[in-house]
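By convention here, the first residue in the shown sequence is residue 1. As the structure is a computational prediction, the values presented were derived from the model and not from experiment. Every heavy atom of this structure was used, including side-chain atoms; hydrogens, water molecules and symmetry mates were not.
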Amino acid sequence: MQVIRLAVTLPKEPILPPDPTMIRDAEILSQLTDTIARFVRERLVPAEQHVAETDTIPEDIVADMKAMGLFGLSIPEQYGGLGLTMEEEVLVAFELGRTSPAFRSLMGTNNGIGAQGILIDGTEEQKQKYVPALATGEVIGAFCLTEPDVGSDSGAVKTRAQREGDHYILNGTKRYITNGPHAGLFTVMARTDPEIQGGGGVTAFIVEGDTPGISRGKADVKMGQKGAHTCDIIFDNCRVPAENIIGGKEGVGFKTAMKVLDRGRLHISAICVGVATRLIEDAVNFAAERKQFGKPIIEHQLIQAMLADSRAEMFAGRSMVLEAARSKDRGEKVSLDASCCKLFCSEMVGRVADRAVQIHGGAGYMADYAVERFYRDVRLFRIYEGTTQIQQIVIARELARQAAQS
């Protein structure tokens, strides 16, 4: 299979076509999404079963992803990326979601939580030094926030960073770190001031993967998403230069993490929409071929109801994500809307996956069909980037805050 390359050059300045909702040139954007859709269809979908069986993404596919620029989709052009807007990124994510989540997971951290902390709050020197290698995929990035006793309560970070001259000494363990086994660069949240409770005492560090004092636990054995790897990252007297504090300022790491999660939640929401789209297509195709009671099951009204509900919910999620992405591109605060999208879309794709299995009947419980794998894969979407319950808390607190100010 010949490598499919993105033969497009995105303009440095936005070109507004007649449709005001399209941020970039419509033709260029169409070329981009069409090329990625073809890559997903011709390269990634046929490899899904191999990835599921071996828990490994083939190196030739990884090379193709790098050549296409997929590791730098949302990284600005001056640092070697394609510089997609939020809207463009979710349009691409709709296509990437139509295959195994493992492929997106590998390059997604470089575009999202692995690079965004540096891009949002880092110094220009830090951006120049680290981001270009993330954009090309030469280095895999990872985001170290979760700990054995700190998951949803992300402001309760226990990993310590103690100042010693012009270095900080990091000690602690981070858990379930996506791409942890492969990462060459970590964004690490560590507590620099133990006297300050909550997020105020947390600082964000850039830590290179070969720094002495870093070790990696064995790869986690997960329910689903084979090919996407996580593990513990252990810091044992790990010496990190003080110049590697993101932005050069102590105590604002938690704020950096929350900024990163806004974009990440919209991206994951878009992936959920893409997966739901794939599941609906598979269910429709199966229902059109499978016959019961003398006719294809797609002609039975109860099957039609499940398909209709799935399509309506997918469309609602897609519309939500696009609207929130456009708001972010306009510079508006989107934390509330991003949480709404994450809450709805991650729950939605779970319902769609359940219906897809039901439509397949006994076949849906068998590994011969992709819906069995997707049913396990999508369960994670309700947990990472903030659980459903955390999204509910974020939404309710923001509504209460708005009411108090009115």
Side-chain angles (χ1 to χ4, degrees), residues 36-37 40-53 55 90 93-105 108 222-228 267-293 295-321 341-385 387-388:
I36 291 175
V40 168
R41 183 175 61 253
E42 297 182 1
R43 292 287 283 129
L44 302 188
V45 171
E48 287 175 353
Q49 191 59 34
H50 173 79
V51 171
E53 292 174 354
D55 195 24
V90 300
F94 291 155
E95 300 299 334
L96 291 172
R98 294 162 74 109
T99 186
S100 169
F103 299 113
R104 182 224 61 92
S105 183
K222 307 186 306 299
M223 176 191 296
Q225 298 209 15
K226 299 296 184 182
H267 178 88
I268 292 297
S269 299
I271 293 295
C272 290
V273 171
V275 174
T277 303
R278 164 70 181 278
L279 286 165
I280 293 167
E281 290 176 351
D282 285 0
V284 168
N285 291 335
F286 181 87
E289 296 176 359
R290 174 68 167 158
K291 292 184 178 180
Q292 287 288 295
F293 304 102
K295 59 184 178 181
I297 64 173
I298 200 170
E299 296 181 20
H300 294 287
Q301 289 182 336
L302 293 179
I303 299 295
Q304 292 174 348
M306 287 190 283
L307 292 172
D309 286 348
S310 295
R311 179 59 175 78
E313 289 192 62
M314 181 277 288
F315 180 63
R318 181 184 175 92
S319 300
M320 288 175 67
V321 174
C341 289
K342 175 62 165 58
L343 168 63
F344 180 84
C345 292
S346 62
E347 294 285 339
M348 173 273 293
V349 74
R351 293 190 293 269
V352 171
D354 187 75
R355 295 186 194 114
V357 171
Q358 195 71 10
I359 289 168
H360 279 71
Y365 202 70
M366 303 298 156
D368 295 339
Y369 289 83
V371 292
E372 183 272 340
R373 183 181 69 250
F374 276 112
Y375 184 78
R376 290 181 287 107
D377 287 348
V378 302
R379 187 60 183 85
L380 184 57
F381 292 139
R382 285 188 269 167
I383 298 173
Y384 67 4
E385 299 276 356
T387 65
T388 288

- Task: May I ask you to decide if the ring planes of His360 and Phe286 are parallel, tilted or perpendicular, using 30° and 60° as cut-offs?
- Result: parallel
- Query: Closest approach of Gln225 and Tyr384, non-hydrogen atoms and distance?
  - Reply: NE2-OH, 4.1 Å
- Item | Verdict with supporting geometry, Glu313 and Arg355, side chain to side chain contact (heavy atoms under 4.5 Å, CB included) | CA-CA 12 Å; Glu313 289 192 62; Arg355 295 186 194 114; 2.6 Å; yes
- Task: Supply the atom-to-atom distance Leu279 CG to Arg98 CZ, rounded to the nearest 0.5 angstrom.
- Result: 11.0 Å
- Task: Please confirm whether the backbone N or O of Phe293 pairs with a side-chain atom of His300, one donor and one acceptor, at under 3.5 Å?
- Result: no
- Item | Between OG1 on residue Thr277 and CE on residue Met314, distance to nearest 0.5 Å | 4.0 Å
- Item | From Arg318 atom CZ to Cys341 atom SG, the distance as rounded to the nearest 0.5 Å | 13.0 Å
- Item | Beyond-backbone contact of Ser346 with Ile268, side-chain heavy atoms, under 4.5 angstrom | no
- Message: For the CG atom of Leu307 and the CD atom of Glu281, what is their distance to the nearest 0.5 Å?
- Response: 12.0 Å
- Note on the structure: Closest non-hydrogen contact found for Ala276 with Val352 is O-CG1, 3.9 Å
- Using a strict cut-off of less than 4.0 Å between a Lys/Arg side-chain nitrogen and an Asp/Glu carboxylate oxygen, indicate whether Glu48 and Arg373 qualify as a salt bridge. yes
- Query: Are Ile271 and Phe381 close enough that some pair of their side-chain heavy atoms sits under 4.5 Å apart?
  - Reply: yes
- Ala228 and Ala102: which non-hydrogen atoms are nearest, and at how many Å? N-CB, 3.7 Å
- Task: Could you go through the side chain to side chain contact (heavy atoms under 4.5 Å, CB included) check for Val349 and Phe374 one step at a time?
- Result: CA-CA 10 Å; Val349 74; Phe374 276 112; over 6 Å; no
- Task: Keeping the roles fixed (side chain from Arg376, backbone from Met223), state whether a donor-acceptor pair exists under 3.5 Å.
- Result: yes
- Query: To the nearest 0.5 Å, how far apart are OG in Ser310 and CD1 in Ile359?
  - Reply: 6.0 Å
- Quick one: closest heavy-atom pair of Asp55 and Gly227, and the distance? OD1-N, 2.5 Å
- Task: List the atom of Asp282, the atom of Ala370, and the distance in Å for their closest heavy-atom pair.
- Result: OD2-CB, 4.1 Å
- Query: Can any side-chain N or O of Lys342 pair as donor or acceptor with the backbone N or O of His267 at less than 3.5 Å?
  - Reply: no
- Query: Counting only heavy atoms not in Gln358, do more than 12 fall under 6.0 Å of its CD?
  - Reply: no
- Message: Side chains of Arg351 and Asp309, heavy atoms from C-beta outward: is any pair under 4.5 Å?
- Response: no
- Item | Residue pair Gly350 / Val378: nearest heavy atoms and the distance that separates them | CA-CG2, 4.2 Å
- Note on the structure: Rounded to the nearest 0.5 angstrom, the CZ-CG distance for Arg104 and Leu96 is 8.5 Å
